[in-house]
Amino acid sequence: MPRVHRNRLKKPRLSFQRRVQLISAALANGYVLGFAKGKIFTGGTKAVCVPVLHCYSCPGALGACPIGSLQAVLGGGRFPFYVLGLLTLFGVVLGRAACGLLCPFGLVQDLLRKIPVPPLKVPEKIDRPLRWLKYMVLAGMVILLPAFAVADTGVSSPYFCKYLCPAGTLGGGLPLLLTNPSLRALAGALFSWKALVLAVILAACVFIPRAFCRYLCPLGAFYALFSRFSFFQMELDQSKCVGCKQCHRSCPMGVKVTQNIRSPECIHCGKCKSACPKGAITTCLVPKDRKAEQPAPEKE
């Protein structure tokens with residue numbers, strides 16, 4: 001058989017990003033019996049936070065969501081040393097690579113963009129202010145309200161999880177309701193609100209790549225604070241760049257890669273790297289400019 005025909009018969013291979021996303025989702029939701037029984041896993045690993053949005057109430061969840069844990073500790077009137085320390089560690093090592101490579105809800109958003117509809121380009125004068133919303137959600141719903149809006153019982157509500165988080169509704173609320181009839185009878189106005197929020201966010205993600213990551217995710221906002229100095233980085237070799245802007249067009253977060261490859265909006269998904277025809281974009285754990293800052297070893 002001629003080589004050209006063999007090439008046509010080859011099945012498309014999954015990208016590195018997609019393989020990592022699928023493995024991460026499988027590991028994070030490894031308690032398969034939970035989905036079958038409609039019960040939440042309560043083993044010892046539930047005390048450990050994973051680096052992504054991951055609802056504690058998801059039947060398959062083996063770990064805890066860092067945003068949910070942060071609210072729970074603040075709502076109980078304590079300082080979240082453990083959660084903040086772990087989040088800082090994730091931020092320093094991974095930065096927003098956790099968003100682009102590990103987050104199950106990020107995978108959902110990427111798959112929604114496979115629906116054959118033209119993307120909606122949000123005008124920059126609207127897009128730029130909207131990107132500040134995720135920082136407001138982080139400061140307001142995740143930190144300030146749980147810390148200060150305390151109920152008579154002395155405990156505050158997890159406002160983000162309760163009223164906004166789409167990952168919790170998709171991974172926790174819906175599977176539990178589908179498998180547990182007694183919970184369906186208790187679902188009321190709050191679940192209807194959360195279902196509406198989920199539907200709106202998913203619909204937005206069909207037309208706007210990574211819409212939730214861009215505008216609303218508080219965990220992405222936290223990791224964005226470490227974008228400039230996290231170990232995991234994207235690098236651009238200006239000597240190889242030909243200015244074709246393929247990287248700009250491929251970026252799901254709308255980053256102008258050739259102008260600011262270390263933008264806080266970069267989720268390190270690697271799409272710009274795959275799109276570059278000259279191999280000018282690479283990934284690294286220690287950027288070259290930091291290696292240059294290290295003192296040279298003394299000669300004997």
Side-chain angles (χ1 to χ4, degrees), residues 17 20-31 40-41 45-74 80 83-84 86-91 94-112 131 133-143 146 158-176 194-195 197-202 204-205 209-226 252-253 264-265 267-269:
Q17 180 206 21
V20 174
Q21 285 177 318
L22 291 171
I23 292 171
S24 175
L27 291 176
N29 298 281
Y31 186 60
I40 300 171
F41 177 74
T45 57
K46 265 299 182 62
V48 180
C49 293
V50 296
V52 293
L53 276 186
H54 188 56
C55 186
Y56 186 96
S57 298
C58 174
L62 293 173
C65 174
I67 293 297
S69 300
L70 185 60
Q71 293 174 100
V73 177
L74 287 171
V83 183
L84 277 181
L86 201 56
L87 277 173
T88 300
L89 176 63
F90 293 147
L94 296 172
R96 294 200 73 179
C99 309
L101 297 177
L102 302 179
C103 183
F105 196 71
L107 171 61
V108 171
Q109 293 177 81
D110 289 340
L111 293 177
L112 286 172
R131 290 185 189 251
L133 277 176
K134 58 181 175 286
Y135 297 98
M136 296 171 65
V137 171
L138 173 64
M141 298 189 76
V142 176
I143 297 175
Y159 290 90
F160 173 74
C161 296
K162 189 173 181 179
Y163 297 108
L164 185 58
C165 182
T169 309
L170 183 64
L174 290 177
L176 287 175
K194 288 292 296 292
V197 170
L198 174 64
V200 170
I201 289 175
L202 293 181
C205 292
R210 291 275 185 153
F212 179 71
C213 296
R214 289 190 189 204
Y215 305 127
L216 291 174
C217 181
L219 189 56
F222 185 87
Y223 288 151
L225 302 176
F226 299 87
M253 295 294 287
E265 298 300 318
I267 57 174
H268 309 302
C269 62

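- With hydrogens and angles disregarded, a donor-acceptor distance shorter than 3.5 Å links the side chain of R96 to the backbone of P264.
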L94 vs L101, test: side-chain contact (heavy atoms from CB on, under 4.5 Å). Steps then yes/no.
CA-CA 10 Å; L94 296 172; L101 297 177; over 6 Å; no

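- Q109 places a side-chain heavy atom less than 4.5 Å from the side chain of C213.
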For Y215 and K134: C-alpha separation, side-chain torsions, deciding distance, then whether side-chain contact (heavy atoms from CB on, under 4.5 Å) applies.
CA-CA 5 Å; Y215 305 127; K134 58 181 175 286; over 6 Å; no

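- At least one side-chain heavy atom of F226 sits less than 4.5 Å from a side-chain heavy atom of T88.
- With hydrogens and angles ignored, the 3.5 Å screen pairs a side-chain donor or acceptor of R210 with a backbone N or O of C99.
- The SG atom of C58 lies 12.5 Å from the CG atom of L53; values are rounded to the nearest 0.5 Å.
- In this structure, the separation between CG on L216 and CG on L138 is 12.5 Å, given to the nearest 0.5 Å.
- Under a 3.5 Å cut-off, the side chain of T45 and the backbone N or O of L62 do form a donor-acceptor pair.
- Separating the NE2 atom in H54 from the SG atom in C165 is a distance of 11.5 Å, to the nearest 0.5 Å.
- Ring geometry for F105 versus F212: interplanar angle over 60°, hence perpendicular rather than tilted (30 to 60°).
- The two atoms that bring Y135 and L225 nearest to each other are CE2-CD2, 4.3 Å, heavy atoms only.
- Between atom CG of residue L107 and atom OG of residue S24 there is a gap of 9.0 Å, rounded to the nearest 0.5 Å.
- Residues I40 and L176 have side chains in contact (heavy-atom distance under 4.5 Å, counting atoms from C-beta outward).
- Remark: the backbone N or O of P209 is paired with a side-chain donor or acceptor of R214 at under 3.5 angstrom.
- Here CD1 of I267 is found 6.5 Å from CG of D110. Values are rounded to the nearest 0.5 Å.
- When all heavy atoms of I201 and L164 are compared, the closest pair comes out as CD1-O, 4.5 Å.
- Atom CD of residue Q71 and atom CZ of residue F160 lie 7.5 Å apart, to the nearest 0.5 angstrom.
- Annotation for P146 and G140: closest pair CD-O, 4.1 Å, computed over non-hydrogen atoms.
- Between P104 and V52 the shortest side-chain heavy-atom distance falls below 4.5 Å.
- No side-chain heavy atom of V50 sits less than 4.5 Å from a side-chain heavy atom of L27.
- Nearest heavy-atom pair across L74 and P80 is CD2-CD, 3.7 Å.
- Heavy-atom minimum distance, C205 versus L112: CB-CD1, 3.8 Å.
- Nearest heavy-atom pair, F41 versus A61, reported as atom, atom and distance to 0.1 Å: CB-O, 3.5 Å.
- Environment of NZ in K46: crowded, with over 12 heavy atoms of neighbouring residues, nucleotides or ligands closer than 6.0 Å.
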